[in-house]
Amino acid sequence: MHAKPFLKWAGGKGRLVSDIENLFPNNFNNQNATYIEPFVGGGAVLFWVLYKFPEIKNVIINDINADLINTYRIISRKPRKLIDKLNILQNEFYSFEFDVDGRKDYYSEKRALFNSRSSDNLNQAALFIFLNRTCFNGLYRVNRKNEFNVPIGSYIKPLICDSENILEVSRVLKKVKILDGDYEKTIEYANGKTLFYLDPPYKPLNKTSNFNSYSNNEFNDKEQIRLRDFCNLLDNNSHHWILSNSDVKVIGSEDNFFDELYCNYEINRVRVKRFINNNSKRKNLNELLIVNKVIEEVVLIHN
């Protein structure tokens, strides 16, 4: 068994890992490299890196979502206490298997408790995972007051407490430095051989897309430009980076936003299936993987 994401996360990169792997620098190795994720989210790429390169010593993750980062920290430090809390929530939720209204009321009660921010960090982490596992499509969306506002999903007995995975995640996170806040400060942890993987809130494909609601801080076009400037800074300091984002240049569109923004770098378009506009159907879309160095020869690194 190896650690896997402990959350459902919109825009998760599980389906893109092989494409991202192909863009890793050829000299990336277990012992000397530093790996940094300024927007860790659900951590699909992070957990792949920790599995693929078990001897890597310098791993740094960050996210502006304080509730998410609190959960990472609790799993790292207090996994068994978290498991105890999740087991209670799971058993209580399962008790409403044949009571739809009771299940909805229980969910609403726990969501209100989470949004009150009145619990300690351990209970907030347990509520965070509970809501993620029981809400509609595993979405994470907050309003401007930073209140989680996703309705309950249709799950009757979802796996809320995956104790084996939590313990394994805790084990591998022991080597990871966990930060919270603005992504720019992560450059302080870079050294001579550093790879950044940047997975920011995606630029929406249309006005109803929900890619941008992971925190109450809007990641608009101005923020996308600030991120490009950060990538330029990384490039000037000889750090390798890979960045993912939505491909707004869809069929019939002349939107060249990212093509112009990253015109000095290599832009790769890859196909991936995503849920769009809270629709239960998946659609094939292009996503962008942008790198600051052209990979002349792809070398897959195996243990």
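The figures here come from the full heavy-atom set of this structure, side chains too, leaving out hydrogens, waters and symmetry mates. Quick note: residue numbers are just sequence positions, from 1. Remember, it's a predicted structure, so these values are computed and weren't measured experimentally.
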Heavy atoms of other groups near [X] [atom1], more than 12 under 6.0 Å:
X: Lys4; atom1: NZ; result: no
X: Lys175; atom1: NZ; result: yes
X: Arg77; atom1: CZ; result: no
X: Lys85; atom1: NZ; result: no
X: Lys185; atom1: NZ; result: yes
X: Glu164; atom1: CD; result: no

Step-by-step ring-ring contact (aromatic ring centres under 6.0 Å, His included) determination, Phe148 to Phe128: CA-CA 10 Å; Phe148 182 78; Phe128 186 94; 7.8 Å; no

[X] side chain vs [Y] backbone, donor-acceptor pair below 3.5 Å:
X: Asn220; Y: Lys222; value: yes
X: Arg228; Y: Tyr262; value: no
X: Asp180; Y: Ile69; value: no

If you take all heavy atoms of [X] and [Y], which pair is closest and at what distance?
X: Gly14; Y: Ala44; value: N-CB, 3.7 Å
X: Ser76; Y: Ile178; value: CB-CD1, 4.3 Å
X: Asp199; Y: Ser244; value: OD1-OG, 2.8 Å
X: Leu23; Y: Ile242; value: O-CD1, 3.6 Å

For residues [X] and [Y], is any side-chain donor paired with an opposing acceptor at under 3.5 Å?
X: Arg73; Y: Asn121; result: no
X: Lys174; Y: Ser170; result: yes
X: Asn191; Y: Thr194; result: yes
X: Thr186; Y: Asn62; result: no
X: Asn245; Y: Gln224; result: yes
X: Asn232; Y: Tyr265; result: yes
X: Tyr35; Y: Glu37; result: yes

How long is the span from the [atom1] atom in [X] to the [atom2] atom in [Y], to the nearest 0.5 Å?
X: Leu195; Y: Leu234; atom1: CG; atom2: CG; answer: 10.5 Å
X: Leu82; Y: Ile75; atom1: CG; atom2: CD1; answer: 6.0 Å
X: His240; Y: Asn26; atom1: NE2; atom2: CG; answer: 9.0 Å
X: Arg133; Y: Leu86; atom1: CZ; atom2: CG; answer: 10.0 Å
X: Asp162; Y: Ile160; atom1: CG; atom2: CD1; answer: 12.0 Å
X: Leu173; Y: Glu168; atom1: CG; atom2: CD; answer: 10.0 Å

Parallel, tilted or perpendicular: rings of Phe196 and Phe230 (30°, 60°):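 Aromatic pair Phe230/Phe196 classed perpendicular.
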
Plane angle bin for Tyr72 and Phe47 - parallel if under 30°, tilted between 30 and 60°, otherwise perpendicular: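 Phe47 vs Tyr72 ring planes: parallel.
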
Sub-6.0 Å ring centroid separation between Phe114 and Phe130: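 Distance test on ring centres: not under 6.0 Å, no.
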
Intermediate values then yes/no, salt bridge (Lys or Arg N to Asp or Glu O under 4.0 Å), Arg111 and Glu147: CA-CA 9 Å; Arg111 186 177 65 179; Glu147 295 172 335; over 6 Å; no

Is [X] linked to [Y] within one hydrophobic cluster, defined over Ile, Leu, Val, Met, Phe, Trp and Tyr using a side-chain heavy-atom separation of less than 4.5 Å?
X: Val40; Y: Leu7; value: yes
X: Tyr94; Y: Leu127; value: yes
X: Val100; Y: Leu131; value: no
X: Ile156; Y: Leu89; value: no
X: Leu179; Y: Leu233; value: yes

Does the side chain of [X] reach to within under 4.5 Å of the side chain of [Y], using non-hydrogen atoms?
X: Val270; Y: Leu16; value: yes
X: Arg80; Y: Leu167; value: yes
X: Phe219; Y: Tyr202; value: no
X: Leu113; Y: Ser118; value: yes
X: Arg117; Y: Gln124; value: yes
X: Phe96; Y: Asp101; value: no
X: Asp235; Y: Trp241; value: yes
X: Tyr107; Y: Pro151; value: no

CA sep, side-chain torsions, deciding dist, call: Asp84, Asn87, side-chain hydrogen bond (donor to acceptor under 3.5 Å, both in side chains): CA-CA 5 Å; Asp84 290 341; Asn87 271 323; 5.1 Å; no

All salt bridge (charged side-chain N to carboxylate O under 4.0 Å, His left out) counterparts of Glu184, not counting sequence neighbours: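 For Glu184 the salt bridge (charged side-chain N to carboxylate O under 4.0 Å, His left out) partners, ignoring immediate neighbours, are Arg226.
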
Tyr106/Ser95 under side-chain hydrogen bond (donor to acceptor under 3.5 Å, both in side chains): CA gap, chis, key distance, verdict: CA-CA 10 Å; Tyr106 183 82; Ser95 71; over 6 Å; no

Ring-face cation of Lys203 near Phe257 (centre distance under 6.0 Å, axis angle within 45°):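 Yes.
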
Residues Arg269, Asp19; criterion salt bridge (Lys or Arg N to Asp or Glu O under 4.0 Å); working and verdict: CA-CA 10 Å; Arg269 285 177 161 85; Asp19 297 288; over 6 Å; no

